[in-house]
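For reference, the structure discussed in these notes is given below.
Naming convention: chains lettered A, B, ... in sequence-line order (proteins, then strands); numbering from 1 in each chain.
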Amino acid sequence: MAAERDSDVRAPQAVSSDGAVYETATGRAEAHYYHFSHDKAGMGSVDKAKVAAVVHSMSEGSSFYRNEERRDARIQQQIEGMRRRWQALREGGLELEGAAATARRERAAMETRRRLDRVWVVVDMDMFFAAVEMRDKPELRDQPMAVGGTGMLSTANYAARKFGVRSAMPGFIALKLCPSLVIVRPNYDKYKAAAKLAKQVFRRFDPQCVALSLDEAYLDVTDAVSRKLGGLPAAEMAAFHEAVWDVVAAIRRDVSVATGGLTCSAGAAPNAMLAKIASDMNKPDGQCLVPFDAGSILGFVGALPLRKLPGIGRVSETQLGGLGLRVVADVRDEAARLHCVLSPRMATWLHRVSLGIAESGRSGSEAGAQYRRKSISLERTFRDEGSLAALQATVAKLASKLSLQMQGSKAAAEAGSSGADGRQAEAGRAGSEAGAAEDDGVQAARPPRGHVPGFFGMADSDSDSDDAGRPKVRPAMRGRTVTVKLKLASFKVLQRSATLAEPTNSAEVISAACKRLVAQESERFKAAHGGRPLVLRLLGVKMHGLVFDDDVDEEERAAAGHMCKLDDGSDEDDGADGGSPERADSAVVGQGRRPVLRAVLDERLRQMRRHSQQSQQQHPAKRARRQPGGSSGQRSLSGFVSIS
DNA sequence: GCGGATCAC
DNA sequence: TATGGTGATCCGC
Ligand SMILES: Nc1ccn([C@H]2C[C@H](O)[C@@H](COP(=O)(O)OP(=O)(O)OP(=O)(O)O)O2)c(=O)n1
Ligand SMILES: [Mg+2]
């Protein structure tokens, strides 16, 4: 693996060499009570131990903390099992030999599929929400600041990050870490407007660019780079890299101009996964290019802490860490063993990404199906509540509101702005690649396919038209399965669902189903806990098994005369009128119109999860099952780890 | 189809 | 005073 350096890139800081970037980033799994990673932009100089101590002191003894402890204990137990299996593997043993053969076969097939002929760029705005606030209020500029409330922060500026303040951190803890912190309430409309301006820039470089969230976009700039090179193939790699570099710099400059000074960072690479990782390497206001040759790529990904891989989060990192694996090269070296311990899917996925290979397909020619969401939901946190009547009133309200959203633009518009309740209404996200629906397997040959991330994001909300000027429409939909989510005062989460005979979007029907599910769970809880009431802190309602009114078969459409169209939509989504037949979730290429970029990040959130894992489950009307395996009592002294 | 779990933003 | 909301995937039943 030579060549992992960036010597061929014009700007010297393009790809910081592996060592330089991660020298301080080797943080391994830390105790659960300190779960804010500092391996992030702006976190270079925090006193981790001190921050951990403060966070711990603020959390200790709370219900939240106890729940984290339970969770941590479970994870540690799983790791134990995994580790035993790992160590039981014998060098010349049958199982390991077989797995080794599989891994070799896999690697050969994967290398075959490595593509270096597309140029992907991922752009990620710097401290996005905070940056917008700072742009609009100069007095916040040189001041530690965060966006959110005392309960929860969305993000923080770099001055605040120096104190350890982070996204998803409770505001009251942040204030302890940084008493001078100013917390600003979010203004989503402003963020959406800024995102829209940025997207207009992205479109100039890739008309099909895809936004995965308000502040992150994926672009295939292959054509833009070609143009820059005058349509000729680059004579030398250095010239090609330079062209890529310049295109990325131009994008970033234009974004800054268009948004009134917001900065962003970007990564450029042969696939979207690598570009995404690279986008984080020179934050803020920087860019990073991963050289377009296999050797450099292997060197680049190999040195990354596993956590850097999109799809590897806190739990997965801890689990792999339990096997002694810390950086990507470790899992590459242990591909065979991992096949014996992880699910085949997970093992194969890890192996592939450890080689820096991802299928970042552009739908381009293959007319894309239009993206369809697979579920729609609302949830809300409230003060502990134990009255069944009150809880049912709450779910009913959520159900009604959800029903309204499911009626499409027209109904939603008529209902007026439901804004009052201080919803958090933004967020939203979209999955990425195919997977479940269509294998996305591992097999070598299959043509790239998959569906698209839907957006929410960059689509502006305060406009009635999309960027091409067409009226935006939110299609009406119905769902067949209704799920209620219950978070107990203890923070334990339960879901209970029911599948109806027919898809619906009726407030009454959804409401009734929700109330019944909540009542049932309430009963069950009382029965199991000596009459104590079920006390909740959150309720949610989700519908899935969706069918869209503008998706029904021709006959049905003619018969029903449906077609909820027109009318303003207040936000989100990408219009695209009807046309596609078939079930909504069939994501198969259909004939939807309007090609959409697909599968940008072919790595959707993969799960860590070994074969057996599992365990618990208990519950309902069932016999309480026995815990398998020994050591039920055992505790996992979670006092473990800590500090860095 | 269900329920738990993980992940991203 | 007191740890968010939305959407998606995966696993094992
Ligand atoms: N758990 C989270 C993570 C993020 N966000 C929001 C606020 C962020 O501003 C925005 C973008 O997320 P990023 O992860 O890109 O974080 P930032 O853009 O704030 O900072 P960075 O400069 O590290 O990209 O999404 C959120 O609400 N909740
Ligand atoms: Mg960002």
What is the distance, to the nearest angstrom, from the [atom1] atom on [X] to the [atom2] atom on [N]?
{"X": "A:Met346", "N": "B:dC7", "atom1": "CE", "atom2": "C1'", "value": "11 Å"}
{"X": "A:Arg537", "N": "C:dT3", "atom1": "CZ", "atom2": "C1'", "value": "7 Å"}
{"X": "A:Asn67", "N": "B:dT6", "atom1": "CG", "atom2": "P", "value": "11 Å"}
{"X": "A:Met152", "N": "C:dT6", "atom1": "CE", "atom2": "C1'", "value": "15 Å"}
{"X": "A:Leu175", "N": "C:dT1", "atom1": "CG", "atom2": "P", "value": "13 Å"}
{"X": "A:Arg524", "N": "B:dC2", "atom1": "CZ", "atom2": "P", "value": "13 Å"}
{"X": "A:Gln520", "N": "B:dG3", "atom1": "CD", "atom2": "P", "value": "10 Å"}
{"X": "A:Arg166", "N": "C:dT3", "atom1": "CZ", "atom2": "P", "value": "19 Å"}

Short side-chain N/O contact to [N] OP1/OP2 from [X], under 4.0 Å:
{"X": "A:Arg71", "N": "B:dT6", "value": "yes"}
{"X": "A:Ser316", "N": "B:dC7", "value": "yes"}
{"X": "A:Arg373", "N": "C:dT6", "value": "no"}
{"X": "A:Tyr371", "N": "C:dA8", "value": "yes"}
{"X": "A:Arg345", "N": "C:dC10", "value": "yes"}
{"X": "A:Thr499", "N": "B:dC2", "value": "yes"}
{"X": "A:Ser154", "N": "B:dC9", "value": "no"}
{"X": "A:Lys308", "N": "B:dA8", "value": "no"}

Which part of the nucleic acid, if any, lies within contact of [X], taking any heavy atom under 4.0 Å across all strands shown: a base, the sugar-phosphate backbone alone, or nothing?
{"X": "A:Ser497", "answer": "sugar-phosphate"}
{"X": "A:Arg383", "answer": "nothing"}
{"X": "A:Ser167", "answer": "nothing"}
{"X": "A:Leu538", "answer": "sugar-phosphate"}
{"X": "A:Leu309", "answer": "sugar-phosphate"}
{"X": "A:Ala174", "answer": "nothing"}

Can you figure out which of [options] approaches the side chain of [X] most closely?
{"X": "A:Arg74", "options": "B:dG1, B:dT6, C:dG4", "value": "B:dT6"}
{"X": "A:Lys374", "options": "C:dA8, C:dG5, B:dG4", "value": "C:dA8"}
{"X": "A:Ala168", "options": "B:dG1, C:dG4, C:dG7", "value": "C:dG4"}
{"X": "A:Arg496", "options": "C:dT3, B:dG4, C:dC10", "value": "B:dG4"}
{"X": "A:Ile75", "options": "C:dT3, B:dT6, B:dC9", "value": "B:dT6"}
{"X": "A:Thr481", "options": "C:dT3, B:dT6, B:dC2", "value": "B:dC2"}
{"X": "A:Arg314", "options": "B:dC7, C:dG5, B:dC9", "value": "B:dC7"}
{"X": "A:Leu494", "options": "C:dG4, B:dG4, C:dG5", "value": "B:dG4"}
{"X": "A:Lys485", "options": "B:dA5, C:dT6, C:dG4", "value": "C:dT6"}

Quiz item: Which residue, A:Ala498 or A:Lys542, contacts DNA chain B at a nucleotide closer to its 5' end, judged by nearest heavy atom?
Solution: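 Nearest-nucleotide comparison on DNA chain B picks A:Ala498.
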Quiz prompt | A:Asp124 vs A:Thr483, nearer the 5' end of DNA chain B by closest nucleotide | solution =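 Per heavy-atom nearest nucleotide, the more 5' residue is A:Thr483.
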With a 3.5 Å cut-off and no angle check, do the side chains of [X] and [Y] form a donor-acceptor pair?
{"X": "A:Ser265", "Y": "A:Asp126", "result": "yes"}
{"X": "A:Arg66", "Y": "A:Ser59", "result": "no"}
{"X": "A:Thr394", "Y": "A:Glu385", "result": "no"}

Exercise. Determine the minimum heavy-atom distance between A:Gly321 and A:Arg326, stating which atoms define it.
Key: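 Smallest heavy-atom distance, with atoms named: O-NH1, 3.4 Å.
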Quiz item: Under 4.5 Å between any side-chain heavy atoms of A:Leu546 and A:Arg478, yes or no?
Solution: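 Answer no - side chains too far apart.
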Quiz item: So do A:Arg496 and A:Leu494 actually touch side chain to side chain, heavy atoms under 4.5 Å?
Solution: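 Yes, their side chains come closer than 4.5 Å.
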Quiz prompt | Residue whose nearest DNA chain C nucleotide is more 5′ - A:Ser375 or A:Phe491 | solution =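 Result: A:Phe491.
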Quiz item: Between A:Arg185 and A:Ile183, does a side-chain contact (heavy atoms from CB on, under 4.5 Å) hold up when you go through it step by step?
Solution: CA-CA 7 Å; A:Arg185 308 291 333 200; A:Ile183 297 180; 6.0 Å; no
Exercise. Answer yes or no: side-chain N or O of A:Ser63 and base N or O of C:dT3 forming a donor-acceptor pair under 3.5 Å.
Key: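 No, no donor-acceptor pair under 3.5 Å.
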Tell me which donor-acceptor pairs under 3.5 Å the side chains of residues 481-491 of chain A have, and how far apart each pair is, sequence neighbours excluded?
| from | atom 1 | to | atom 2 | distance (Å) |
| --- | --- | --- | --- | --- |
| A:Thr481 | OG1 | A:Thr499 | OG1 | 3.0 |
| A:Lys485 | NZ | A:Glu379 | OE1 | 3.4 |
| A:Lys485 | NZ | A:Glu379 | OE2 | 3.3 |
| A:Ser490 | OG | A:Lys492 | N | 3.4 |

Exercise. Considering only atom P, compute the distance from C:dT3 to B:dA8 and round it to an integer number of Å.
Key: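 After rounding to an integer number of Å, I get 24 Å for this pair.
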